[in-house]
Amino acid sequence: MKLKSDFYLQSNVVLIAKALLGKTLCTTVDGVLTSGKITEVEAYSGTNDKACHANNGLRTKRTEVMYAQGGKAYVYLCYGIHHLFNVVTNVHDTADAVLVRAIEPIDGLETMQKRRRKIEINKTLTAGPGALSQALGIQYQQHYGADLQGDEIWIEDAPVLTESEIVTSTRIGVAYAEEDALKPWRFYIKDNKWISKK
DNA sequence: GCGACGATTATCT
DNA sequence: GATAATCGTCGCA
């Protein structure tokens, strides 16, 4: 069952990030269903978090969708090559988001394999924020601001994992965020092989 | 208008 | 382990 819109409106982005672990991210880009279990996420807060693109109230064309009401997709281009997928959370005018960093493939393996131009299926298929976006066909030009209640990108509900199944660490690639780089806001499923980095 | 750089990854050594 | 790839955004003039 598709996650209800209320889920995305919760005020604590860290709790939402943890709750998203184990749920299923689905897309029907090009008419083909591709999906995977969310195994790794990171939380970004619009307030008091220098690692967030919308930090310090920065409001531009790029960050605008993060200020929208939760339940939308924030997709952006990184290093000019990688499309990174985020889930916008919290109420209107509060710029919180959860970056999905890795998934465990479920549906549409062949399509994902083709999009990734992989001969074999291994963890490089969907473990990593740029990799999973490519596998699911997510592109910033096409999916920036997409409604997660729609039928092109959505998240299927699943039971919330227990604390003992979740590993917590600092976020990846945010050294520029000074003291906020130390925030323990990265979460992944313990003993799961579909993780970008240990 | 211009220049520096990034929430990364594939492909080298 | 190091590095190239590659382009939209942001900050400043």
Side-chain angles (χ1 to χ4, degrees), chain A residues 8 13-14 16-18 20-21 25 36 38-68 70 72-90 94-105 112-146 148 153 155 167-189 193-198:
Chain A
Y8 302 107
V13 67
V14 172
I16 296 180
K18 292 167 85 166
L20 281 173
L21 289 174
L25 177 61
I38 297 173
T39 56
E40 180 181 349
V41 296
E42 284 179 6
Y44 287 86
S45 173
T47 47
N48 294 314
D49 179 13
K50 293 194 180 84
C52 181
H53 292 153
N55 112 81
N56 198 26
L58 183 68
R59 192 160 185 159
T60 63
K61 194 174 178 183
R62 177 213 208 182
T63 63
E64 185 60 31
V65 75
M66 282 206 272
Y67 291 87
K72 294 217 174 348
Y74 167 46
V75 184
Y76 93 101
L77 193 63
C78 186
Y79 293 95
I81 307 168
H82 308 290
H83 302 258
L84 272 55
F85 172 77
N86 300 249
V87 176
V88 174
T89 72
N90 213 324
T94 304
D96 292 356
V98 176
L99 169 69
V100 179
R101 293 188 52 87
I103 61 173
E104 175 182 332
M112 291 196 254
Q113 198 175 352
K114 195 173 161 188
R115 285 181 182 140
R116 298 277 295 129
R117 298 191 191 98
K118 292 282 179 186
I119 296 167
E120 291 181 52
I121 291 178
N122 56 41
K123 71 166 252 182
T124 63
L125 187 70
T126 58
L132 98 249
S133 296
Q134 188 179 24
L136 294 177
I138 295 173
Q139 298 183 75
Y140 93 99
Q141 299 97 332
Q142 198 175 340
H143 302 108
Y144 180 92
L148 298 180
I153 305 179
I155 297 175
V167 179
T168 301
S169 79
T170 53
R171 294 172 292 182
I172 305 289
V174 295
Y176 62 87
E178 303 170 29
E179 74 274 14
D180 291 328
L182 301 175
K183 281 183 160 71
W185 284 4
R186 171 171 177 249
F187 308 100
Y188 58 93
I189 299 178
K193 100 179 207 194
W194 301 91
I195 299 299
S196 64
K197 293 180 184 176
K198 286 184 212 164

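Below, chains carry the letters A, B, ... as their sequence lines are ordered, and counting in each starts from 1.
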Heavy atom of residues 127-145 of chain A under 4.0 Å from DNA chain C: which residues?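 Going residue by residue through residues 127-145 of chain A, the ones with a heavy atom under 4.0 Å of DNA chain C turn out to be A/Y140.
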So, is A/T60 near the phosphate of C/dC10, with a side-chain N or O under 4.0 Å from OP1 or OP2?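 So the side-chain polar atoms of A/T60 do come within 4.0 Å of the phosphate oxygens OP1 or OP2 of C/dC10, strictly under.
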Reckon A/R186 touches a base, only the sugar-phosphate, or nothing at all at heavy-atom distances under 4.0 Å?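 A/R186: no heavy atom of the nucleic acid under 4.0 Å.
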[X]: partners by salt bridge (charged side-chain N to carboxylate O under 4.0 Å, His left out), with sequence neighbours left out:
X: A/K123; answer: none
X: A/E179; answer: A/K50
X: A/R101; answer: A/E40, A/E42
X: A/R115; answer: A/D30

What is the distance from atom [atom1] of [X] to atom [atom2] of [Y], rounded to the nearest 0.5 Å?
X: A/L25; Y: A/L136; atom1: CG; atom2: CG; result: 5.5 Å
X: A/I103; Y: A/I38; atom1: CD1; atom2: CD1; result: 8.0 Å
X: A/S169; Y: A/F187; atom1: OG; atom2: CZ; result: 8.5 Å
X: A/Y74; Y: A/L99; atom1: OH; atom2: CG; result: 10.0 Å
X: A/T47; Y: A/N90; atom1: OG1; atom2: CG; result: 8.0 Å

At the 4.0 Å heavy-atom cut-off to chain A, mark where contacts on DNA chain B begin and end, going 5' to 3'.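 Taking any atom under 4.0 Å from a heavy atom of chain A, the span is B/dG6 to B/dA10.
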Parallel, tilted or perpendicular: which one describes the rings of A/Y79 and A/H82, with boundaries at 30° and 60°?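 Perpendicular: the ring planes of A/Y79 and A/H82 meet at over 60°.
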So does [Y] get a backbone contact from the side chain of [X], meaning a donor-acceptor N/O pair under 3.5 Å?
X: A/T126; Y: A/G36; value: no
X: A/T39; Y: A/A102; value: yes
X: A/D96; Y: A/G46; value: yes
X: A/D49; Y: A/A51; value: yes

Rounded to whole angstrom units, what separation is found between the CD atom of A/E64 and the C1' atom of C/dC10?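 Roughly 16 Å, once rounded to whole Å.
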Keeping to residues at least two apart or across chains, list the ring-ring contact (aromatic ring centres under 6.0 Å, His included) pairs with something in residues 113-144 of chain A.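 Only A/H83-A/Y140 qualify under ring-ring contact (aromatic ring centres under 6.0 Å, His included).
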Do other residues, nucleotides or ligands put more than 12 heavy atoms under 6.0 Å from the NZ atom of A/K197?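 Result for NZ/A/K197: open.
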Answer yes or no: does atom CD of A/Q141 have more than 12 heavy-atom neighbours from other residues, nucleotides or ligands under 6.0 Å?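 More than 12 heavy atoms, drawn from other residues, nucleotides or ligands, come within 6.0 Å of this atom.
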Spacing of the P atoms in C/dT6 and B/dC2 (rounded, Å):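 It comes out at 22 Å once rounded to the nearest Å.
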Partner residues of A/R116 under the side-chain hydrogen bond (donor to acceptor under 3.5 Å, both in side chains) criterion, sequence neighbours left out: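 A/R116 satisfies side-chain hydrogen bond (donor to acceptor under 3.5 Å, both in side chains) with A/Q134 once adjacent residues are dropped.
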Which residues, if any, of residues 44-57 of chain A bring a heavy atom under 4.0 Å of DNA chain B?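 Residues of residues 44-57 of chain A that come under 4.0 Å of DNA chain B are, in numerical order, A/Y44, A/A51, A/H53.
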Would you jot down, in residue-number order, the residues of residues 169-178 of chain A having a non-hydrogen atom under 4.0 Å from DNA chain B?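 A/I172, A/G173, A/V174, A/Y176, in order of number.
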Grab the N/O contacts between the protein and nucleotides 1-6 of chain C below 3.5 Å, and write none if there aren't any.
unit_1: C/dT6; atom_1: O2; unit_2: A/Y79; atom_2: O; d: 2.4

Nucleotide-level pairing of DNA chain C, given in dot-bracket where Watson-Crick and G-U pairs need both distances under 3.5 Å and | marks other strands: |||||.||||||.
